[in-house]
Amino acid sequence: MRLKNTFAILLTAATLTAVARTPVYLDDSKPIEERVNDALSRMTIAEKIAIIHAQSKFSSPGVQRLGIPGIWCTDGPHGIRPDVLWDEWDQAGATNDSCVAFPALTCLAATWNPDMAALYGKSIGEEARYRNKNVLLGPGVNINRTPLNGRSFEYMGEDPLLAATMVVPYIRGVQDNGVAACVKHYALNNQEVDRSSIDVYVDDRTLHEIYLPAFKAAIIDGGAWAIMPGYNKYQGDHACENRRLLLDILKGDWAFDGVAISDWGAVHNTEKVAANGLDMEFGSWTNGLNFGASNAYDDYYLAKPYEKLILEGKADTALLNDKAARVLRLIMRTEMNRNRPYGSMNSPEHYAAARQIAGEGLVLLKNENNLLPVSPDVKKILVVGENAIKMMTVGGGSSSLKVQREILPLDGIRANASSKGIEVDYQRGYVGDVTGEYNGVTTGQNLADERNSEQLIADAVKAAREADMVIFIGGLNKSDHQDSEGADRLSYDLPYDQDKVIEALVAANPNTVVVNLTGNAYAMPWKDRVPAIVQGWYIGSEAGNAIADVLFGDVNPSGKLPFTMVVALDDFAAHATGDASVYPGVDGKVTYKEGLDVGYRHFDKLPAKRVNYAFGHGKSYTTFDLGKPRLSNSILKADDVLTVTVPVTNTGTRDGAEVVQLYVHDVKSKINRPYKELKAFDKVSVQPGKTENATMTIDRRAFAYYNPETSLWTVNPGRYELLIGNSSDAISNRLTVNIPEAITWCDSE
């Protein structure tokens with residue numbers, strides 16, 4: 001017994017000695033700042049330099065001597081991209097890197113449901129964690145300024161409040177898995193034309209009111225651990241080297257404590273990038289000869305050239321320490337966090353999430369004579385259109401994926417129809433892009449068709465006359481000059497003469513439904529002749545099932561447009577004058593002369609006939625009545641929070657969900673302001689014959705504008721109206737709020 005106790009005492013002493021010797025940075029029970037400072041104090045200058053730039057296409061080194069792991073990034077934000085070789089863009093050839101493709105972020109925004117954003121973030125975060133990725137390069141929150149922007153499908157629409165509200169739960173869901181969300185592309189990356197060099201000029205008020213709020217919410221409310229400056233310039237300096245964006249606003253006003261990670265190849269100058277706030281550099285092309293020298297990582301701007309400046313005393317060591325500390329903090333939040341969950345990949349839960357989000361994001365634009373959902377009387381359906389059979393998960397740029405499976409629209413419709421005893425036929429109708437490859441991932445589809453356009457239409461029309469209903473599935477795709485990274489669209493029209501196909505189909509069979517899969521708005525010359533229109537998106541692995549769910553009524557549509565769909569390109573403020581300096585730019589410079597007139601803020605000034613479908617529009621298979629709203633207080637002072645309650649009654653026969661939207665109108669504004677601006681919304685589910693309350697809270701921010709002369713957010717005293725409805729052009733009630741005295745504050749408060 002005595003020997004046993006002696007052994008226990010010796011063991012305890014040894015254990016305590018070992019614990020005492022454990023470096024603080026390895027002890028995740030310690031506060032993270034203590035761990036960061038301890039690790040930083042042990043590192044050499046060379047080690048600090050090493051961790052702030054890449055060591056491979058998608059990874060950066062840790063500190064091997066100290067046992068600090070590196071960082072692995074992955075493209076998103078719609079799914080976890082397949083692995084590439086260490087130093088090449090070619091596929092690694094892995095067999096365990098297929099993923100679930102979630103809907104594009106336009107679809108997520110169209111749900112107008114923060115709960116769907118939380119589910120999205122949780123699900124994609126679990127997939128990233130299972131693949132042992134530390135940084136998910138997404139989500140994107142750039143504002144839809146022009147419908148030609150090839151990358152808009154990755155973003156969340158035209159309104160800063162909608163994007164800001166939806167991005168926050170996405171980020172939290174991702175980071176709950178110990179994976180950093182890297183919000184992009186900060187800021188003013190609103191076109192792909194000359195994206196690496198275009199110099200954007202915008203007034204300060206527009207910058208803060210339109211283009212920064214979603215990023216600000218991502219940092220302050222979402223707590224994002226990383227952010228990606230874009231390729232473009234802002235007022236003369238590239239975003240990755242821009243003191244105003246990175247130091248003054250991001251790290252100053254917003255107190256960002258995470259890592260600013262360059263887009264791949266977006267750094268151009270060592271002195272500027274060292275001094276102006278970027279923390280990590282990826283993907284630079286430093287040999288000056290071709291698209292990236294092999295194993296050139298030590299030549300990066302934040303590598304040997306930066307170390308040389310430090311050793312020569314020409315660069316601030318404190319700034320290097322700040323960069324290295326931020327990277328260490330990121331590592332400790334992710335790879336060195338022993339409590340993060342293990343994640344999961346391609347799970348039934350993830351497919352279910354993708355299908356649910358897609359179904360809730362589909363927007364029923366029009367439904368004359370209740371053509372949808374498909375009637376039990378329908379016995380034969382004709383599906384027409386290339387997008388019914390084309391995989392959409394491959395292509396479009398860095399968001400291209402290698403999926404475990406993708407349910408095509410035609411297959412989803414056939415499966416659902418078969419269960420109801422409905423026959424489904426198919427005709428191509430048009431031939432667009434028959435390719436299916438991006439960065440070594442191929443769809444394996446052969447979409448070649450030798451028929452000319454006249455024959456394709458004739459065959460479709462003949463079949464349409466023999467069907468009870470026609471479902472056309474078209475739109476855009478992820479080819480160059482459509483919805484794709486690296487190039488903008490060349491036209492506002494649908495490509496491949498789809499308008500002619502639609503016109504011919506509806507003439508042959510008036511029971512025609514148009515379902516367009518796009519990430520942008522487009523012209524609809526056939527709108528008044530087609531009885532039912534559904535706005536689809538790039539909706540990923542469960543595309544076919546989700547589309548069928550809505551068409552056959554298994555899901556009651558509740559999506560709302562995250563951007564406005566107008567008649568013609570020149571209805572957009574950025575295109576209204578045809579001034580090339582406004583878009584796409586002249587001599588490498590683009591000026592946002594339209595200012596605040598983005599989306600419905602501009603379209604409110606146009607005749608109603610110029611708007612096909614308004615921002616926030618979306619129909620249901622049931623009907624709703626918005627009752628008389630109640631306001632908690634009609635007077636607002638500086639620290640007040642007002643609550644608006646709106647009873648929503650389902651006056652139809654099906655369960656459904658409605659989005660109540662609250663816009664603010666400054667009745668007698670002393671400054672130039674849009675007529676109304678979205679400031680709150682709430683999505684409520686209501687059973688037939690029942691009433692549920694939509695509840696929205698607003699505070700001083702809902703009434704404020706940014707004063708560039710004082711750099712303060714300002715609320716002028718006066719009378720304001722709260723406009724309440726279910727789309728930006730369907731306002732059913734108004735409330736009045738009086739503000740007795742001016743209110744001001746700065747971003748850092």
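Because the structure is a prediction, the values reported are computed rather than measured.
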(request) Quick one: closest heavy-atom pair of A464 and L505, and the distance? (result) CB-CD2, 4.0 Å

(message) Assess whether a salt bridge exists between K133 and D83, defined as any Lys/Arg side-chain N lying under 4.0 Å from an Asp/Glu carboxylate O.
(response) yes

(message) Any donor-acceptor pair under 3.5 Å linking the side-chain atoms of Y592 with those of N190?
(response) yes

(message) For the CG atom of L148 and the NE2 atom of H481, what is their distance to the nearest 0.5 Å?
(response) 11.5 Å

(request) Please round to the nearest 0.5 Å and tell me the distance separating atom NZ of K366 and atom CG of L372. (result) 12.0 Å

(request) Can you measure from NE2 (H185) to CG (L137) and round to the nearest 0.5 angstrom? (result) 8.5 Å

(message) Surrounding NZ of K462 (heavy atoms of other residues, nucleotides or ligands, distance under 6.0 Å), is the total greater than 12?
(response) no

(message) Tell me if a side-chain donor or acceptor on N232 pairs with a main-chain N or O of S196 at a distance below 3.5 Å.
(response) no

(request) Measure the acute angle between the ring planes of F615 and W112, then classify it against the limits of 30° and 60° as parallel, tilted or perpendicular. (result) tilted

(request) Starting from the C-alpha separation in whole Å, work towards a yes-or-no answer on salt bridge (charged side-chain N to carboxylate O under 4.0 Å, His left out) for R405 and E542. (result) CA-CA 8 Å; R405 71 169 189 249; E542 290 290 324; 2.8 Å; yes

(request) Report the C-alpha distance between Y155 and V141 in whole Å, list the side-chain angles of each, state the deciding distance to 0.1 Å, and finish with yes or no for side chain to side chain contact (heavy atoms under 4.5 Å, CB included). (result) CA-CA 5 Å; Y155 303 142; V141 292; over 6 Å; no

(message) Listing request: all ring-ring contact (aromatic ring centres under 6.0 Å, His included) pairs with a residue in residues 90-110, at least two apart in sequence or in separate chains.
(response) F102-Y120

(request) For residues I471 and V515, determine if any side-chain heavy atom of one lies less than 4.5 Å from a side-chain heavy atom of the other. (result) yes

(request) Using a strict cut-off of less than 4.0 Å between a Lys/Arg side-chain nitrogen and an Asp/Glu carboxylate oxygen, indicate whether E485 and K478 qualify as a salt bridge. (result) no

(message) Check whether N367 reaches the backbone of A532 with its side chain - one donor and one acceptor, N or O, closer than 3.5 Å.
(response) no

(message) Tell me if a side-chain donor or acceptor on D194 pairs with a main-chain N or O of S197 at a distance below 3.5 Å.
(response) no

(message) Go through it in stages, so that I can follow the logic: the residues are N144 and N149, the test is side chain to side chain contact (heavy atoms under 4.5 Å, CB included), and I'd like the CA-CA distance, side-chain angles, deciding distance and then a yes or no.
(response) CA-CA 8 Å; N144 190 329; N149 182 11; 5.6 Å; no

(request) Please list, chain by chain and in numerical order, all residues satisfying ring pair (Phe, Tyr, Trp, His ring centres under 6.0 Å) with F472, sequence neighbours excluded. (result) none

(message) Check whether N387 reaches the backbone of L476 with its side chain - one donor and one acceptor, N or O, closer than 3.5 Å.
(response) yes

(request) Evaluate the side-chain proximity of S347 to E349: yes if any heavy-atom separation is below 4.5 Å, no if none is. (result) yes

(message) With heavy-atom distances below 4.5 Å as the criterion, would you say the side chains of V384 and I473 are in contact?
(response) no

(request) For Y621, look at atom OH and say whether over 12 heavy atoms of other residues, nucleotides or ligands are found less than 6.0 Å away. (result) yes

(message) Walk me through whether N416 and D554 qualify under side chain to side chain donor-acceptor pair (under 3.5 Å).
(response) CA-CA 10 Å; N416 199 309; D554 300 324; 2.9 Å; yes

(message) List the residues meeting ring pair (Phe, Tyr, Trp, His ring centres under 6.0 Å) with Y583, not counting sequence neighbours, and say none if there are none.
(response) H575

(request) Mind checking the CE-OG1 spacing from M156 to T165? Nearest 0.5 Å is all I need. (result) 10.5 Å

(message) Looking at E360 and K560, is there a salt bridge between them, counting it only when a charged N and a carboxylate O are closer than 4.0 Å?
(response) no

(message) Can you confirm if the NZ or CZ of K500 lies within 45° of the ring axis of Y430 and under 6.0 Å from the centre of its six-membered ring?
(response) no

(request) Determine, step by step, whether I381 and V470 satisfy the side chain to side chain contact (heavy atoms under 4.5 Å, CB included) criterion, reporting the C-alpha distance in whole Å, the side-chain angles of both residues, the deciding distance to 0.1 Å, and the verdict. (result) CA-CA 6 Å; I381 294 174; V470 177; over 6 Å; no

(message) Show every side chain to side chain donor-acceptor pair (under 3.5 Å) that has at least one partner inside residues 97-108, sequence neighbours left out.
(response) D97-K402

(request) Taking atom types as modelled, find out whether T564 and E158 have a side-chain donor-acceptor pair closer than 3.5 angstrom. (result) yes

(request) State which residue, out of D483, T518, T393, N477, fulfils the side chain to side chain donor-acceptor pair (under 3.5 Å) condition with Y538. (result) D483

(request) For the pair N346 (side chain) and V100 (backbone), establish whether a donor and an acceptor sit closer than 3.5 Å, ignoring hydrogens and angles. (result) yes

(message) Working to the nearest 0.5 angstrom, can you tell me the gap between K390 NZ and L410 CG?
(response) 15.0 Å

(message) When you measure from the side chain of D549 to the backbone of G359, do you find a donor-acceptor pair of N or O atoms at a distance under 3.5 Å?
(response) no

(message) So N545 and I547, do their side chains get closer than 4.5 Å, heavy atoms only?
(response) no

(message) Contact between S262 and M228 at the side-chain level, heavy atoms closer than 4.5 Å - yes or no?
(response) no

(request) Answer yes or no: is there a donor N or O on one side and an acceptor on the other, between the side chain of D263 and the main chain of A266, under 3.5 Å? (result) no

(message) Using a strict threshold of under 4.0 Å (side-chain N to carboxylate O), is an ion pair present between E594 and R145?
(response) yes

(request) Spell out, as yes or no, whether a donor-acceptor pair under 3.5 Å connects the side chain of Y600 to the backbone of G616. (result) no

(message) I'd like to check N516 versus L494 (side-chain heavy atoms, cut-off strictly below 4.5 Å). Are they in contact?
(response) yes

(message) I need the full list of ring-ring contact (aromatic ring centres under 6.0 Å, His included) pairs touching residues 547-571, with sequence neighbours left out, sorted by first then second residue.
(response) W537-F563

(request) Hey, could you give me the OG/CZ distance between S479 and R489, rounded to the nearest 0.5 Å? (result) 12.5 Å

(request) State plainly whether the residues D571 and R610 are in salt-bridge range, i.e. N to O under 4.0 Å. (result) yes

(message) When you compare the side chain of Y522 with that of Q535, does any pair of heavy atoms fall below 4.5 Å?
(response) yes

(message) Can a side-chain donor-acceptor contact be found between Y351 and Q404 if the only test is distance below 3.5 angstrom?
(response) yes

(message) Strictly below 4.0 Å, N to O, side chains only: are E192 and R195 in salt-bridge contact?
(response) yes

(request) Apply side chain to side chain contact (heavy atoms under 4.5 Å, CB included) to the pair R355 and V555, showing each step before the final yes or no. (result) CA-CA 11 Å; R355 186 169 180 171; V555 168; over 6 Å; no

(request) Using the test side chain to side chain donor-acceptor pair (under 3.5 Å), find all partners of E386 that sit at least two apart in sequence or belong to another chain. (result) R428

(message) If you compare all heavy atoms of N520 against all heavy atoms of S152, which two are closest, and at what distance to 0.1 Å?
(response) OD1-CB, 3.3 Å

(request) Would you check if there is a donor-acceptor pair between the side chains of S398 and R151 at a distance under 3.5 Å? (result) yes

(request) Please state whether the rings of F572 and Y492 are parallel, tilted or perpendicular, taking 30° and 60° as the class boundaries. (result) perpendicular

(message) In the structure I gave you, are the side-chain heavy atoms of P147 and L569 within less than 4.5 Å of one another anywhere?
(response) yes

(message) Looking at every non-hydrogen atom in both residues, tell me the closest pair between S558 and A657 and how far apart they are.
(response) CB-O, 3.6 Å

(request) Answer yes or no: is there a donor N or O on one side and an acceptor on the other, between the side chain of Q498 and the main chain of P495, under 3.5 Å? (result) yes

(message) Can a donor-acceptor pair be found, under 3.5 Å and without considering hydrogens, that links the side chain of T111 to the backbone of L108?
(response) yes

(request) Kindly say whether the aromatic ring centers of W89 and F58 come within a distance under 6.0 Å. (result) yes

